[in-house]
*Asks:* 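One structure follows; several queries about it will come next.
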Amino acid sequence: MKPFLASLWAIAWLVSPHLGLSATAPESSSLRHAAAKLFAIGVGINDHISQRTNDWPLLTAQFSTVTPENCMKPAALQPTEGAFDFATADAFVDFATRQNLKLVGHCLVWAKDDRTPAWFYRVGQQPASRELLLTRMRQHIATVAGRWRGRIAMWDVVNEALDDGTNYLRPSGWEQACGEEFIAKAFEYAHAADPAALLVYNDYNTELPAKRAKMIRLVRSLRAKHIPLHAIGLQGHYELDQVPLAELEATLVAMRELGVKVVVSELDIDVIPRAKWWAEGGKYRAELRQLNPYRDGCPPEILQRQAEQYAQLFQLFRKHAGVIARVSFWNLHDGQSWLNEFPWQRVNHPLLFDRAGQPKPAFAAVIHALTDAPP
Ligand code: XIL
């Protein structure tokens with residue numbers, strides 16, 4: 001064993017008893033082992049994982065695939081035109097490669113104006129022309145996907161382009177200049193830059209009938225043009241007691257019928273309902289900002305409901321494993337969840353591991369759903 005690997009192994013061995021999990025865990029204590037015959041198990045993690053040695057044992061015992069949480073987004077890699085900053089993302093890719101973790105690149109285009117540096121789609125205060133926007137996009141994708149060519153297993157090529165309201169596509173600088181064509185071009189450019197990568201269109205709420213219909217339309221349209229779209233990413237940011245199981249199944253079946261794979265790309269189950277944040281023009285926001293019911297811990301009955309709902313989800317994923325290539329959680333444990341900040345600050349408990357990295361009731365429920373005979 002190389003000295004570096006030997007020391008990693010030694011750290012994992014030393015720390016694992018404290019986590020209650022073994023670094024070489026069998027089926028009963030490791031998600032990735034329990035799911036091995038079904039799909040890959042991944043996780044979106046902190047950009048600076050290469051320095052966060054405390055996170056390594058839990059990460060490598062449980063997950064086979066990693067997505068960097070922020071450092072490969074357009075705003076992180078190219079905040080101003082031509083000024084690429086690869087330092088954090090390079091360290092992330094090197095870490096994952098050393099640890100034998102597969103990589104998901106996230107994301108080449110984020111089709112939301114507030115998530116995209118405005119220089120992409122503007123010239124001064126004016127909108128950029130279609131040609132200029134596509135040239136900038138091609139340069140970004142060729143540089144980014146080309147840099148790690150052959151090292152990224154899957155790319156989220158376009159993120160969140162479908163509209164939540166009555167439009168087909170979300171209004172944005174991209175959509176305004178190019179219509180649906182910017183999506184098709186992004187996939188062509190990504191495929192040219194890294195022909196071996198599995199290319200994903202990623203979005204949220206595509207379980208819900210109206211948005212599902214838009215996704216079906218998009219897949220059909222790209223397929224008709226022979227665009228290299230390989231999989232659909234269902235983000236899977238659910239809320240306790242609102243997990244849309246029947247609708248999710250309808251989406252999985254629809255994708256199977258269309259012949260695209262599915263990845264569940266960012267799974268979590270929020271225990272503090274958040275839908276009201278967006279209701280009625282945001283009029284509940286001041287009230288919600290005060291809501292922090294589980295700051296001293298999550299009550300056992302809530303953890304139990306969460307466990308049951310995670311189990312139902314994984315039973316469904318197992319039933320449809322033929323179409324699902326990967327299930328990734330969004331963040332390593334409750335203390336690192338983005339839902340502690342979004343859309344307001346609160347102490348949240350949406351994942352399978354608590355703040356100490358200890359398995360919660362939902363962990364055993366998921367292992368059971370993955371390994372026992374389906375009901
Ligand atoms: C989130 C990150 O987790 C946060 O740290 C960041 O502040 C905002 O973005 N859908 C996505 C992810 O595709 O990129 C988002 O990640 C979560 C929602």
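As the structure lists them, so they are numbered: ligands from 1, and atoms in each ligand from 1.
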*Asks:* For ligand 1, which atoms sit closer than 4.0 Å to a heavy atom of His106?
*Replies:* 11 (C), 12 (C), 13 (O), 14 (O)
*Asks:* At under 4.0 Å between heavy atoms, which part of Phe342 makes contact with ligand 1: side chain, backbone, both or neither?
*Replies:* neither
*Asks:* May I have the step-by-step check of side-chain hydrogen bond (donor to acceptor under 3.5 Å, both in side chains) for Gln78 and Asp85, ending in yes or no?
*Replies:* CA-CA 6 Å; Gln78 199 183 181; Asp85 179 357; over 6 Å; no
*Asks:* What do you reckon, does Lys73 put a non-hydrogen atom under 4.0 Å from ligand 1?
*Replies:* yes
*Asks:* Does Trp330 come within less than 4.0 Å of ligand 1, judged by its heavy atoms?
*Replies:* yes
*Asks:* State which residue, out of Trp338, Tyr204, Phe342, Phe329, fulfils the ring-ring contact (aromatic ring centres under 6.0 Å, His included) condition with His237.
*Replies:* Trp338
*Asks:* I want to know if ligand 1 touches Asn159 in the polar sense, i.e. an N/O pair below 3.5 angstrom.
*Replies:* yes
*Asks:* Counting only heavy atoms, which portion of Asn70 has something under 4.0 Å from ligand 1: side chain, backbone, both, or neither?
*Replies:* side chain
*Asks:* Around Lys112, counting heavy atoms of other residues, nucleotides and ligands shown, do more than 12 lie under 6.0 Å from its NZ?
*Replies:* yes
*Asks:* Looking at Glu207 and Arg212, is any side-chain nitrogen of the basic one under 4.0 Å from a carboxylate oxygen of the acidic one?
*Replies:* no
*Asks:* Please tell me whether His230 and Trp155 form a close aromatic pair, meaning their ring centres lie under 6.0 Å apart.
*Replies:* no
*Asks:* Check whether Trp119 forms a cation-pi arrangement with Arg122 (NZ or CZ under 6.0 Å from the six-membered ring centre, at most 45° off the ring normal).
*Replies:* no
*Asks:* Around atom 3 (O) of ligand 1, find the nearest protein heavy atom and jot down its residue, atom name and distance.
*Replies:* Glu69 OE2, 2.6 Å
*Asks:* Backbone, side chain, both or neither: what part of Glu266 comes under 4.0 angstrom of ligand 1, heavy atoms only?
*Replies:* side chain
